[in-house]
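This one's a predicted model, so the numbers in the text were calculated from it and none came from an experiment.
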Amino acid sequence: MDLSDSWVVRRPVTARVSAAEAVLTDLRDAITSGALSVGERLPAEASLATRHGVSRSVIREALRSCHALGLTETKSGLGTFVVSNSIARDLDFGSYAAQELVEARPHVEIPAAGWAAQRHSDEDVEVLCGLVDRMRDESDPLVWVALDAQLHGLIARMSGNRVFESVIVDIRETLTRQSETLNLLAGRREKANDEHARIVSGIASGIYDQAARAMAEHLDAVRAALKSVVGESGPTDRN
């Protein structure tokens, strides 16, 4: 193949999106179009960073989402390889898959929000409100997803149920990866900020049903975003 036709040496098309989103879109399009073929090793992080004019941390963020989509796999000491030219039916967020989160989270987080409404302290609500405000003002996507996981963990702790809290602690890293990918591919940040504010308002009201309903609506929106990424065959049910 003529090197001038290679994806590696062509400059990516720029757009008004986040740096990581631009990198992920470029990689995804190259893989799904066949410009990067199955079995091919991706350029090193440093080369990708130079290609896009971004930091290596941005490249790693995009590569994590590429892996979540089932397009690539990183082999220690060898590099990152293309393993599929189509997005997986069930996204891989590390310890757990998207479908597992879709099925499990409502059974934990909806009642946790409800009980938090009835058992919270004034200080708890102040901390939640502070987190929501920080997330609205946060420009760093990696900091935002960490705050997102912290918010959900705090709500579980506020429920007063150690089982709920333990579950959220166990899946915290997976929740962070899911948020990271959905922010890049489904533009979830601003919508999630609004949903989080309604959850906190429901908890502050002291009304179980109001808080539980707000959390249910948030999880429904996450499920819909996952469906938009993977298509009709992706996570859709919450039974």
Side-chain angles (χ1 to χ4, degrees), residues 64-70 87-120 124 128 131-132 135 141-142 144-189 191-203 207-239:
R64 285 193 296 270
S65 292
C66 241
H67 173 78
L69 294 175
I87 294 173
R89 293 186 177 185
D90 194 9
L91 305 189
D92 180 0
F93 296 120
S95 299
Y96 303 99
Q99 184 63 43
E100 292 174 311
L101 293 179
V102 166
E103 291 174 357
R105 290 183 69 186
H107 298 290
V108 174
E109 295 199 73
I110 292 174
W115 286 119
Q118 296 189 345
R119 297 170 175 169
H120 69 267
D124 286 333
L128 283 179
L131 280 172
V132 168
M135 292 173 75
L142 296 182
W144 188 95
V145 296
L147 292 172
D148 183 25
Q150 185 178 341
L151 179 76
H152 284 271
L154 179 56
I155 291 171
R157 183 182 64 75
M158 288 167 55
S159 74
N161 186 308
R162 290 180 298 170
V163 175
F164 292 160
E165 182 179 4
S166 178
V167 170
I168 298 304
V169 168
D170 184 66
I171 67 174
R172 182 167 181 159
E173 181 179 350
T174 306
L175 291 178
T176 299
R177 290 194 181 187
Q178 177 177 269
S179 292
E180 184 178 64
T181 297
L182 290 183
N183 288 346
L184 292 181
L185 290 172
R188 280 285 302 154
R189 277 184 60 175
K191 296 174 183 177
N193 284 337
D194 292 340
E195 292 157 14
H196 290 150
R198 288 194 289 272
I199 293 168
V200 173
S201 178
I203 291 172
I207 302 172
Y208 183 106
D209 288 345
Q210 184 172 327
R213 181 169 59 252
M215 181 63 80
E217 290 171 352
H218 172 56
L219 296 181
D220 281 344
V222 171
R223 178 171 57 88
L226 286 166
K227 180 178 178 180
S228 74
V229 170
V230 302
E232 294 298 325
S233 59
T236 57
D237 297 320
R238 196 188 71 212
N239 297 320

**OP:** Write out all pairs satisfying salt bridge (charged side-chain N to carboxylate O under 4.0 Å, His left out) with one or both partners inside residues 169-184, taking only residues at least two apart or from two chains.
**Re:** Arg64-Glu180, Glu173-Arg177
Subject >> Spatial distance of atom CG (Leu182) from atom CG (Asp148) [nearest 0.5 Å] >> reply: 10.0 Å
Original post:
Say you draw a straight line from CG of Leu185 to CD1 of Ile87; how long is it, rounded to the nearest 0.5 Å?
Top reply: 7.0 Å
**OP:** Indicate yes or no: does Arg119 engage Asp124 in a salt bridge with an N to O separation below 4.0 Å.
**Re:** no
Subject >> Taking every non-hydrogen atom, the tightest pair across Ile168 and Gly153 >> reply: CG2-CA, 3.6 Å
**OP:** State the CE-CZ distance between Met215 and Arg198, to the nearest 0.5 angstrom.
**Re:** 12.5 Å
Subject >> Point-to-point distance, once rounded to the nearest 0.5 Å, from CZ of Phe164 to CD1 of Ile110 >> reply: 10.5 Å
**OP:** Please name the pair of heavy atoms, one in Ala117 and one in Ile207, separated by the smallest distance, quoted to 0.1 Å.
**Re:** CB-O, 3.7 Å
**OP:** Apply ring-ring contact (aromatic ring centres under 6.0 Å, His included) to His67 and list each qualifying residue two or more places apart in sequence or on a separate chain.
**Re:** none
Original post:
Would you find a donor on one side and an acceptor on the other, under 3.5 Å apart, between the side chain of His218 and the backbone of Ile199?
Top reply: no
Original post:
Which atom pair, heavy atoms only, marks the closest approach of Ala68 to Thr181?
Top reply: CB-OG1, 3.9 Å
Subject >> Heavy-atom side-chain proximity of Ile171 to Glu100 below 4.5 angstrom >> reply: no
**OP:** Return yes if some donor-acceptor pair links the side-chain N/O of Ser179 with the main-chain N/O of Leu175 below 3.5 Å, else return no.
**Re:** yes
**OP:** Could you tell me which residues satisfy side chain to side chain contact (heavy atoms under 4.5 Å, CB included) with Arg213, sequence neighbours excluded, listed by chain and number?
**Re:** Asp209, Gln210, Glu217
Subject >> Qualifying residues under ring-ring contact (aromatic ring centres under 6.0 Å, His included), relative to Trp144, sequence neighbours excluded >> reply: none
Original post:
In terms of side-chain geometry, is the basic nitrogen of Arg223 or Asp220 positioned less than 4.0 Å from the acidic oxygen of its partner?
Top reply: yes
Original post:
Heavy atoms, side chains only, cut-off 4.5 Å: are Leu128 and Leu151 in contact?
Top reply: yes
**OP:** With the side chain counted from C-beta on, respond yes when Leu101 and Leu226 share a heavy-atom pair under 4.5 Å apart, and no when they do not.
**Re:** no
Subject >> Side chains of Val222 and Arg188 in contact at under 4.5 Å (non-hydrogen atoms) >> reply: yes
**OP:** Would you give the length of the straight line joining atom CG of Leu219 to atom CZ of Arg105, rounded to the nearest 0.5 angstrom?
**Re:** 5.0 Å
Original post:
Can you tell me if Ser228 uses its side chain to pair, donor with acceptor, with the backbone of Ala225 under 3.5 Å?
Top reply: yes
Original post:
Is there side-chain contact between Glu109 and Ile155, with at least one heavy-atom pair below 4.5 Å?
Top reply: no
**OP:** Please answer whether the main-chain N or O of Ala149 pairs with a side-chain N or O of His152 as donor and acceptor at a distance below 3.5 Å.
**Re:** no
Original post:
With sequence neighbours excluded, what pairs up with Ser159 under the side-chain hydrogen bond (donor to acceptor under 3.5 Å, both in side chains) test?
Top reply: none
**OP:** Tell me, please, which residues at least two apart from Tyr208 pass ring-ring contact (aromatic ring centres under 6.0 Å, His included).
**Re:** Trp115
